[in-house]
Student: 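Got a structure here, written out as structure tokens. Questions coming.
Just the heavy atoms: all of them, side chains too, but no hydrogens, waters or symmetry mates, feed the values below.
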Amino acid sequence: MRVLITGGSGFVGRRLCESLARQGYELQVVSRSPEKARAVLPEGCDVRESATAFADAPPAALVNLAGESIAAKRWSEAQKREMIDSRLRATGDLLALCEALREAGEALPRVLVSGSAMGYYGEQNDADQNDTAVSEDTPPHDEFAHRLCARWEAAAGEIEALGVRTAIVRIGLVLGEGGGSLEKMLPPFKWGLGGRFGSGRQFMPWIHRDDLVEAIRFLLERDSASGAFNASAPHPVTNAEFTRTLAKTLNRPAVLPVPAFVLKAGLGEMSRLLLTGADMRPVRLQQAGFTFRYKTLDRALEAILAPR
């Protein structure tokens with residue numbers, strides 16, 4: 001199967017490309033820097049600057065992961081616009097490809113797996129209330145993170161309206177070696193300077209990168225899978241639990257909490273990423289038959305941080 005991937009050179013995208021290449025998929029990757037992307041992707045990837053450039057080689061499937069990192073910069077109004085616009089541009093490019101294929105009488109892709117995030121649900125509870133498990137049917141709270149994800153999902157819905165089966169993955173905190181959020185957390189914990197954020201009672205839905213890659217492949221191949229799927233491990237933890245487990249895995253203390261007011265002063269609105277969360281559960285993914293390899297945080301961290 002020929003698969004076109006946006007965000008293919010990113011932290012998740014690279015591992016996805018490696019996995020799909022091993023399974024015999026033919027890979028097409030969209031990148032603004034094709035030469036740099038080719039250097040980190042499996043040999044044989046067809047890398048072009050836009051999705052519409054692949055109109056001469058129609059893909060059978062689409063995976064949409066591209067977008068400005070939500071943790072790259074402080075959330076100024078300009079940065080908020082770029083976080084939204086980057087996702088809409090990438091998804092709109094896929095829509096333009098599908099429309100061009102339809103006009104040319106070519107077959108449309110059979111499936112789109114499109115990214116979203118746990119932020120879709122908004123702030124489900126404050127740091128003192130974490131009693132409600134969040135499934136795909138949980139109503140969202142209207143705030144910036146929700147609006148960002150909702151617009152991204154709505155853009156994917158325009159491709160679905162053309163008749164392309166569409167699965168949305170609402171991704172939790174992705175854990176893996178060599179990048180992502182964990183790489184930023186590790187230095188203070190390795191030095192024994194780690195600690196919980198705020199009260200520590202806020203939930204941190206997480207997923208091992210390899211499980212996320214397998215979930216995306218599962219949704220590509222499962223013809224009956226459509227709609228929204230929470231892509232997070234079945235056992236989410238609070239920030240305090242995450243802190244204790246990470247420190248234990250590293251055999252280091254974790255006794256220096258970061259007060260909420262310090263995070264708010266330093267990060268502004270972006271501090272909500274660290275101070276709020278949702279007890280997100282992968283209800284529909286498990287109902288569809290997906291099996292997680294890394295169900296608990298201790299096992300995931302041990303696999304990631306074990307000496308090579």
Side-chain angles (χ1 to χ4, degrees), residues 5-20 29 40-41 63-72 83 86-87 90 113-121 134 136 145 148-149 152-153 167-187 189 197 202-220 228-239 241-243 245-246 249 270 272-274 276-282 284-286 290-306:
I5 303 169
T6 71
S9 59
F11 180 61
V12 174
R14 290 197 308 273
R15 185 59 63 88
L16 176 64
C17 287
E18 293 167 1
S19 175
L20 293 179
V29 174
V40 299
L41 292 173
V63 178
N64 184 29
L65 301 174
E68 174 77 4
S69 171
I70 62 172
M83 286 191 285
S86 62
R87 287 161 172 79
V113 177
S114 192
S116 185
M118 60 186 182
Y120 173 85
Y121 300 103
V134 173
E136 292 84 356
L148 167 67
C149 294
W152 196 8
E153 293 186 16
I168 302 293
V169 281
R170 293 174 180 161
I171 302 170
L173 180 70
V174 182
L175 305 181
E177 69 280 1
S181 302
L182 188 59
E183 185 177 52
K184 297 178 181 179
M185 297 178 194
L186 281 176
F189 278 87
F197 297 142
Q202 66 275 25
F203 268 89
M204 294 177 64
W206 62 273
I207 187 169
H208 191 291
R209 180 172 57 169
D210 289 348
D211 273 339
L212 176 56
V213 164
E214 287 304 304
I216 292 171
R217 186 162 71 89
F218 176 86
L219 294 172
L220 283 174
F229 295 84
N230 289 342
S232 59
H235 298 289
V237 296
T238 64
N239 176 261
E241 291 173 293
F242 189 99
T243 297
T245 306
L246 178 56
T249 304
M270 191 170 71
R272 297 173 72 84
L273 293 176
L274 304 176
T276 66
D279 184 4
M280 190 170 80
R281 307 298 178 102
R284 295 196 67 230
L285 200 53
Q286 290 186 301
F290 181 75
T291 301
F292 286 85
R293 181 178 179 184
Y294 300 99
K295 296 180 179 180
T296 60
L297 182 63
D298 56 349
R299 183 176 178 187
L301 290 178
E302 287 168 5
I304 294 166
L305 300 175

Student: So P234 and R281, do their side chains get closer than 4.5 Å, heavy atoms only?
Tutor: no

Student: Please step through side chain to side chain contact (heavy atoms under 4.5 Å, CB included) for the pair V63 and L16, ending with a clear verdict.
Tutor: CA-CA 10 Å; V63 178; L16 176 64; 3.8 Å; yes

Student: Can you name the nearest heavy-atom pair linking S116 to I168, along with the distance?
Tutor: CB-CG2, 3.7 Å

Student: So that I can tick it off, tell me whether E153 and R170 are bridged by a salt bridge, with the cut-off set at under 4.0 angstrom between side-chain N and carboxylate O.
Tutor: yes

Student: Would you find a donor on one side and an acceptor on the other, under 3.5 Å apart, between the side chain of R87 and the backbone of E68?
Tutor: yes

Student: Looking at side-chain heavy atoms only, is the closest gap between L301 and L182 below 4.5 Å?
Tutor: yes

Student: Check C17 against I5 and note the closest heavy-atom contact, atom names and distance.
Tutor: SG-CD1, 3.7 Å

Student: Got F189 and T243 here, is their nearest side-chain heavy-atom distance under 4.5 Å?
Tutor: yes

Student: So, taking the atom named CG in D279 and the one named CZ in F203, what distance separates them when rounded to the nearest 0.5 Å?
Tutor: 4.0 Å

Student: Can you tell which of M204, M118, M280 makes a side chain to side chain contact (heavy atoms under 4.5 Å, CB included) with S232?
Tutor: M280

Student: Which residue pairs pass the salt bridge (Lys or Arg N to Asp or Glu O under 4.0 Å) test when at least one of the two sits in residues 11-20, sequence neighbours left out?
Tutor: R15-E18, R15-E177, R15-D210

Student: Does the S86 side chain pair with the main chain of M83, one donor and one acceptor, at a distance under 3.5 Å?
Tutor: yes

Student: Which atom names give the shortest non-hydrogen contact between S9 and V40, and what distance separates them?
Tutor: CB-CG2, 4.2 Å

Student: Can you see whether N64 engages T6 through a side-chain donor-acceptor pair at a distance of less than 3.5 angstrom?
Tutor: yes

Student: Under 6.0 Å between the ring centres of F292 and F290?
Tutor: yes

Student: Donor-acceptor pair, distance only, cut-off 3.5 Å: does the side chain of W206 make one with the backbone of F242?
Tutor: no

Student: Quick check: closest heavy atoms across V134 and N230, and the distance to 0.1 Å?
Tutor: O-ND2, 3.5 Å

Student: Are any of the side-chain heavy atoms of L65 and V12 separated by less than 4.5 Å?
Tutor: yes

Student: Answer yes when R209 and D211 have at least one side-chain N-carboxylate O distance shorter than 4.0 Å, and no when they do not.
Tutor: no

Student: When rounded to the nearest 0.5 angstrom, what distance separates CG in L246 from CE in M185?
Tutor: 8.0 Å

Student: Can you check whether L186 reaches L305 side chain to side chain, under 4.5 Å on heavy atoms?
Tutor: yes

Student: Taking the side chain as everything from C-beta on, heavy atoms only, tell me whether I207 gets closer than 4.5 Å to L175.
Tutor: no

Student: Please examine the side chains of T249 and D298, heavy atoms only from C-beta on, and report whether any two atoms are closer than 4.5 Å.
Tutor: no

Student: Which residues pass the side chain to side chain contact (heavy atoms under 4.5 Å, CB included) test with T291, sequence neighbours left out?
Tutor: none

Student: Can a salt bridge be assigned to the pair R299 and E302 using a cut-off of 4.0 Å between side-chain N and carboxylate O?
Tutor: no

Student: Do E183 side-chain atoms and G180 backbone N/O form a donor-acceptor pair below 3.5 Å?
Tutor: no

Student: With rounding to the nearest 0.5 angstrom, report the OH to NE2 distance, Y294 to H235.
Tutor: 15.5 Å

Student: Specify the closest pair of heavy atoms between S114 and W152, including all atoms of both residues, with the distance to one decimal.
Tutor: OG-NE1, 4.2 Å

Student: If I compare all heavy atoms of G119 with all of C149, which pair ends up nearest, and what's the gap?
Tutor: C-SG, 3.9 Å

